[in-house]
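Single-structure report; data block below.
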Amino acid sequence: MEPVRRKALVDAALRVIGDHGSLAVTMSDIARQAGVSPALAHHYFGSKEQLLIETIRSLLRQLRSDTVAALKAARTPRARLSAVIRVSFHADQFAPETIAAWLAFYAEAQRSEKTRRFLVIYARRLRSNLLADLKVLLPADAAERIAEGAAAMIDGLYIRQSLKSAPIGIEASIALTEDYLNALLATASPSPRKEKGRPHRTTQGQMT
């Protein structure tokens, strides 16, 4: 039962953090949501801080798994870019409680070096996945600039969603990011290797 209960506690932590909009929750709050005793929650994780770290690890693992699967299914560099964008706004990642939890972790990263490191991992992965295929389509300097812009746009749309401001919804956010990417791809000088099929090596790293 341990893996089942640990997952239930991680899922409960995500919901409680999302409901509160901050990490100012107690182990009792999380245990109640999971339907277990606080003592059992402490038995599995030792402290609230360890449970919160496992929660952000869980978010990153799921995002990594979804991204790897989407990249494997895409056949061209441009299709892989679209896959990265779509995964970033996947229903699970774009759920209100998940967005609220991500924002709470960003706030915590101002105080916690461990939390900050995990968020740096996320940012580097997103940039690397965009950059890997942009470099096939464009010169390196243009690829780097567009990767930074697209990653910033994805993160910015998360913030807008948390504020309940436009655009509302997954498809609108995907469309805006795709429009941005298409506009810059159309004006940038193409790479000599443009759209040649090549085996794709994902830049996603393993979580510890």
Legend entry - Lys/Arg cation over aromatic Phe118: Arg57, 6.0 Å, 45° cone: no

Inset, instruction - Grab the two heavy atoms, one from Ile146 and one from Ala188, that are nearest each other, plus how far apart they are. - result: CD1-CB, 4.5 Å

Inset, instruction - State whether Glu178 and Arg86 are salt-bridged, where the test is any N-O pair (Lys NZ or Arg NE/NH1/NH2 against Asp/Glu carboxylate O) under 4.0 Å. - result: no

Legend entry - Polar side-chain atom of Thr55 near backbone of Leu51 as donor-acceptor pair, under 3.5 Å: yes

Legend entry - Backbone N/O of Ala109 and side chain of Ser112: donor-acceptor pair under 3.5 Å: no

Inset, instruction - Take Ile53 and Phe45, measure what side-chain contact (heavy atoms from CB on, under 4.5 Å) needs, and give me the verdict at the end. - result: CA-CA 10 Å; Ile53 289 297; Phe45 288 99; over 6 Å; no

Legend entry - Polar side-chain atom of Lys48 near backbone of Leu23 as donor-acceptor pair, under 3.5 Å: yes

Inset, instruction - First locate atom CG of Asp66, then atom CD of Gln62, and finally report the distance between them rounded to the nearest 0.5 Å. - result: 4.5 Å

Inset, instruction - Any chance you could measure Gln110, atom CD, to Glu113, atom CD, to the nearest 0.5 Å? - result: 11.0 Å

Inset, instruction - Kindly indicate whether the side chain of Lys135, heavy atoms from C-beta on, has any atom under 4.5 Å from the side chain of Glu144. - result: yes

Inset, instruction - Find out whether Leu59 and Phe105 are in side-chain contact, i.e. whether some heavy atom of one side chain is under 4.5 Å from a heavy atom of the other. - result: yes

Legend entry - Flag, side chain of Ser88 to backbone of Val84, donor-acceptor distance under 3.5 Å: yes

Legend entry - Salt bridge present between Asp11 and Lys7 (N-O < 4.0 angstrom): yes

Legend entry - Which atom of Asp155 lies closest to which atom of Tyr122, heavy atoms considered: OD1-OH, 2.7 Å

Inset, instruction - Determine the minimum heavy-atom distance between Ala101 and Ile17, stating which atoms define it. - result: CA-CG2, 3.8 Å

Legend entry - Validation row: Leu52, Thr115 side chains within 4.5 angstrom (heavy atoms): no

Inset, instruction - Would you give the length of the straight line joining atom CD1 of Ile174 to atom CG of Asp179, rounded to the nearest 0.5 angstrom? - result: 12.0 Å

Legend entry - For the student: nearest non-hydrogen atoms of Ser173 and Leu157, plus distance: O-CD1, 3.6 Å

Inset, instruction - Answer yes if Leu185 and Leu131 sit in the same cluster of Ile, Leu, Val, Met, Phe, Trp and Tyr residues linked by side chain heavy atoms under 4.5 Å apart, and no otherwise. - result: no

Legend entry - Electrostatic pair Glu108-Arg111, nearest N-O below 4.0 angstrom: yes

Legend entry - Between OG1 on residue Thr98 and CZ on residue Arg15, distance to nearest 0.5 Å: 10.5 Å

Inset, instruction - Measure the shortest side-chain to side-chain distance between Leu181 and Leu130 over non-hydrogen atoms and say whether it is less than 4.5 angstrom. - result: no

Inset, instruction - Please report the shortest heavy-atom distance between Leu9 and Ala31, naming the atom on each side. - result: CD2-CA, 4.2 Å

Legend entry - Verdict with reasoning, Arg125 to Leu60, per side-chain contact (heavy atoms from CB on, under 4.5 Å): CA-CA 10 Å; Arg125 285 179 176 178; Leu60 286 167; 4.2 Å; yes

Inset, instruction - Would you give the length of the straight line joining atom OG1 of Thr177 to atom CD1 of Ile85, rounded to the nearest 0.5 angstrom? - result: 5.5 Å

Inset, instruction - With the side chain counted from C-beta on, respond yes when Asp19 and Val25 share a heavy-atom pair under 4.5 Å apart, and no when they do not. - result: no

Legend entry - Asp29 side chain to Gln33 side chain, donor-acceptor N/O pair below 3.5 angstrom: no

Legend entry - Leu137 vs Leu81, side-chain contact (heavy atoms from CB on, under 4.5 Å): CA-CA, chis, key distance, verdict: CA-CA 11 Å; Leu137 302 173; Leu81 290 168; 3.8 Å; yes

Legend entry - Exercise: do Ser82 and Arg78 side chains pair donor with acceptor under 3.5 Å: yes

Legend entry - Whether Phe89 and Tyr158 hold their rings parallel, tilted or perpendicular, with breakpoints at 30° and 60°: parallel

Legend entry - Single-linkage hydrophobic cluster Met27~Leu40, side-chain heavy atoms < 4.5 angstrom: yes

Legend entry - Contact check, side chains of Arg6 and Val10, non-hydrogen atoms, under 4.5 Å: no

Legend entry - For the student: nearest non-hydrogen atoms of Pro38 and Ser28, plus distance: CG-OG, 3.6 Å

Inset, instruction - Report the C-alpha distance between Tyr180 and Leu176 in whole Å, list the side-chain angles of each, state the deciding distance to 0.1 Å, and finish with yes or no for side-chain contact (heavy atoms from CB on, under 4.5 Å). - result: CA-CA 6 Å; Tyr180 168 82; Leu176 268 180; over 6 Å; no

Inset, instruction - Would you kindly confirm whether Ile159 and Ile56 end up in one hydrophobic cluster when ILVMFWY residues are joined by side chain heavy atoms under 4.5 Å apart? - result: yes

